[in-house]
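Please read all numbers here as calculations on a predicted model, not as lab measurements.
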Amino acid sequence: MNQKSMDRDSAQLEALGLKSEFERSMSFWENFSLGFTYLSPVVGVYSVFALAIQAGGPPMIWNYLLVGFGQFLVCLVFGEIVSQYPISGGIYPWALRLVGERWAWISAWVYAWALFTTVAAVAVGGAPFLSQLLGVEFGNTGFIWIAIIMILISTILNLSGTRLLAQVAFFGFLCELIGAVVVGGYLLLFAKVNSISILWNTFSFGEGTSYFPAFLASSVAAMFCYYGFEACGDVAEETPNASSAIPKSMRMTVYIGGGAATFVCLALLLALPNVDKAISGEDSDPVTTTLVSAMGIVGYRMVIVVVMVSFLSCLLSLQAAASRLLFSFARDGMIFGSKHLNHLSKSGKVPVNALIITGLIPIFIASIGHWLQDAVTTIISFASAGIYIAFQMVVLAALYARYHGWKPKGSFTLGKLGVWINAIALFYGVTAVANMVWPRAPEEPWYINYGMIFTTFIVISSGILYLLLAKPHLQRKSS
């Protein structure tokens, strides 16, 4: 990084009233890798493929394109914001400057709990793959312990500093992208058993408009794959030339991550040995069935090695994003324990205490599964919905700011199209959240059927209660 660029970055932060102590050692490609591994197409597709095909059959793949387009609009809005406000913590400092303290506080509160539950969800989701790799059945308690160990490893790696975080994220990106291309290519070239026409075959889900509800239900799987670009902005103060570089790395995350996810999903669908059994749920793990059928048990375990690298790098990126959010929160004195969370380590230049918290809370969430498996499932169900809600709070904040005269002044702007893109992004996001939380399983217990709505209500109402009682926004004004 040259001195001129360093001075420009420092001057931009000083104009915003900040002096950063982070080390700007994360290159453009490493910043992109952080967003890519947070999005993690392999983790996303492998984790929810069975649910998606049971919900909507093979045409569910088209959701990857539709959801990708919607999230790309959100990404463009975020790009404008981070270009003007390249501050660590992403959602909190953006919402703060677009609307104000109270809106920023609630936005960050929702996003923090969404990240905590997502870390727990990814760790718990990765445990069965390790079980399959080792050929040992651990059971629910064993899976919980594996999840805890994965979170501990991620925390230790993150505590080592920005340099190691960037290198591991880049290594994870290479492994995941090469794995997606190689595995997907192999399936399409040597294991394809279905015609491309199945991508339009609705099977028993109905035809025309009667298929639409199933298609909407299956879209939740694609939504699980298309957040991650925001993480590029969470480490803005650790990235040189952030105002220009981060909007570009955000867009690349959607292009490459979304493309990889779609490619992997396509390969799995065309190589799936028995589509009917996958749709009915008789084949409860169609990903394993497909890979073992195509590659044998040895080949499958080689793929699982890549999958485990993807899960770990995803955890690393999620935890990095959560810790920077907490640090940004604490730097303004806006959260309890701020004096312990608002400083960086002398050696690694990372928010040590914030990182420890972002390890302990997900460990606690995952540990509930030792005694109450349904409870942890209900809590984790908030992960995706919470992230989408927090994203839309920023999109709404940008639209509100435009109405009150805000004109983006960063290196990246959308010009006259900005307000239209912003409005369409908000419409997409609101409908996506409504679709995500919509109860679709009346036969299930209420805490499963209404899990997302229930947990979202708890998180938002507790945040509002804390805001009313503790008044953290006033603490910032007096600090």
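- Looking at Tyr388, its side chain does come within 3.5 Å of a backbone N or O of Met223 through a donor-acceptor pair.
- Taking every heavy atom of both residues into account, Arg251 and Cys75 meet most closely at N-SG, 3.6 Å.
- With contacts defined as side-chain heavy-atom distances shorter than 4.5 Å, the pair Glu176/Pro41 qualifies.
- If you take CZ on Phe391 and CG on Leu396, they are separated by 15.0 Å, rounding to the nearest 0.5 Å.
- Side chain of Arg24 to backbone of Ala236: a donor-acceptor contact under 3.5 angstrom is found.
- In this structure, CD1 on Ile460 lies 13.5 Å from CG on Leu465, to the nearest 0.5 angstrom.
- Taking 4.5 Å as the limit, every side-chain heavy atom of Cys314 sits out of range of all side-chain heavy atoms of Val42.
- Checked against the 6.0 Å centroid criterion, the rings of Phe32 and Phe170 do not qualify as a close aromatic pair.
- Ion pair Arg163/Glu30 flagged as a salt bridge, since at least one NZ, NE, NH1 or NH2 atom sits closer than 4.0 Å to an Asp/Glu carboxylate oxygen.
- For the pair Asn241/Phe28, no side-chain contact is recorded, criterion being any heavy-atom separation below 4.5 Å from C-beta on.
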* Please walk me through it: do Ile357 and Asn353 pass side-chain contact (heavy atoms from CB on, under 4.5 Å)? -> CA-CA 6 Å; Ile357 294 298; Asn353 292 336; 5.6 Å; no
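- Of the residues Lys19, Lys349, Arg331, the one that meets the salt bridge (Lys or Arg N to Asp or Glu O under 4.0 Å) test with Glu237 is Arg331.
- Taking CG of Asn31 as the start and CG of Asp234 as the end, the distance is 10.0 Å to the nearest 0.5 Å.
- The heavy-atom pair separating Cys175 from Val306 by the smallest distance is O-CG1, 3.4 Å.
- Under a 3.5 Å cut-off, the side chain of Lys471 and the backbone N or O of Leu468 do form a donor-acceptor pair.
- When atom types are taken as modelled, the side chain of Ser338 and the backbone of Ile335 share a donor-acceptor pair closer than 3.5 angstrom.
- With hydrogens and angles ignored, the 3.5 Å screen pairs a side-chain donor or acceptor of Arg97 with a backbone N or O of Pro93.
- When all heavy atoms are compared, the tightest approach of Pro247 to Gly79 is CG-O, 3.4 Å.
- Between the side chain of Ser328 and the backbone N or O of Ser88 there is at least one donor-acceptor pair closer than 3.5 Å.
- Here Trp105 and Phe329 bring their ring centres to under 6.0 angstrom of each other.
- Salt bridge annotation for Glu230-Arg324: absent, with no cationic side-chain nitrogen under 4.0 angstrom from a carboxylate oxygen.
- Side-chain atoms of Gln167 never come within 3.5 Å of backbone atoms of Thr162 as a donor-acceptor pair (strictly under, hydrogens ignored).
- In terms of heavy-atom proximity, Phe143 sits nearest to Pro128 at CE2-CA, 3.9 Å.
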* Mind running side-chain contact (heavy atoms from CB on, under 4.5 Å) on Trp62 and Leu65 for me, showing each step along the way? => CA-CA 5 Å; Trp62 300 110; Leu65 302 181; 3.7 Å; yes
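- Gln84 contributes a side-chain N or O that, together with a main-chain N or O of Lys409, makes up a donor-acceptor pair within less than 3.5 Å.
- If you look at Tyr111 and Tyr92, their ring centroids are not closer than 6.0 Å.
- Shown are Trp94, Tyr85, Tyr227, Phe412; of these, the ring pair (Phe, Tyr, Trp, His ring centres under 6.0 Å) with Phe78 is made only by Trp94.
- Atoms CH2 and CG, from Trp438 and Leu216 in turn, are 10.5 Å apart once rounded to the nearest 0.5 Å.
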* Going through the distances and angles, do Glu80 and Arg402 end up as a side-chain contact (heavy atoms from CB on, under 4.5 Å)? -> CA-CA 12 Å; Glu80 275 195 316; Arg402 289 180 200 276; 2.4 Å; yes
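- Ring to ring, Phe229 and Tyr255 are not that close: their centroids are 6.0 angstrom or more apart.
- Between Tyr211 and Phe215, the two ring planes are tilted [angle within 30° to 60°].
- Between the side chains of Ser411 and Ser243, at least one donor-acceptor pair of N or O atoms lies under 3.5 Å.
- Met308 is listed as a side-chain neighbour of Met150, based on a closest heavy-atom distance under 4.5 Å.
- Relative orientation of the Tyr400 and His404 rings is tilted, given thresholds of 30° and 60° on the angle between their planes.
- Side-chain contact between Ile87 and Leu16 is present, with heavy atoms from C-beta onward closer than 4.5 Å.
- Leu344 is not listed as a side-chain neighbour of Val352, based on a closest heavy-atom distance of 4.5 Å or more.
- Nearest heavy-atom pair, Pro439 versus Tyr450, reported as atom, atom and distance to 0.1 Å: CG-CE2, 3.3 Å.
- Of the candidates Ile365, Leu315, Thr155, Val119 forms a side-chain contact (heavy atoms from CB on, under 4.5 Å) with just one, namely Leu315.
- The two atoms that bring Ile363 and Ser367 nearest to each other are O-OG, 2.6 Å, heavy atoms only.
- A donor-acceptor pair is defined here as one N or O able to donate and one able to accept, closer than 3.5 Å; such a pair exists between the side chain of Asn422 and the backbone of Leu399.
- Proximity of Ser384 to Met436: side-chain heavy atoms (C-beta onward) are separated by under 4.5 Å at one or more points.
- Atoms CD1 and CD1, on Ile453 and Ile458 in that order, are 12.5 Å from each other to the nearest 0.5 Å.
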* Asked: Step by step, would you call Leu115 with Thr358 a side-chain contact (heavy atoms from CB on, under 4.5 Å)?
  -> CA-CA 9 Å; Leu115 286 174; Thr358 59; over 6 Å; no
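- No donor-acceptor pair closer than 3.5 Å links the side chain of Tyr466 to the backbone N or O of Pro472.
- In this structure, the side chains of Asn63 and Ser218 come closer than 4.5 Å at one or more pairs of heavy atoms.
- The line from CD1 of Ile246 to SG of Cys232 is 7.0 Å long, rounded to the nearest 0.5 Å.
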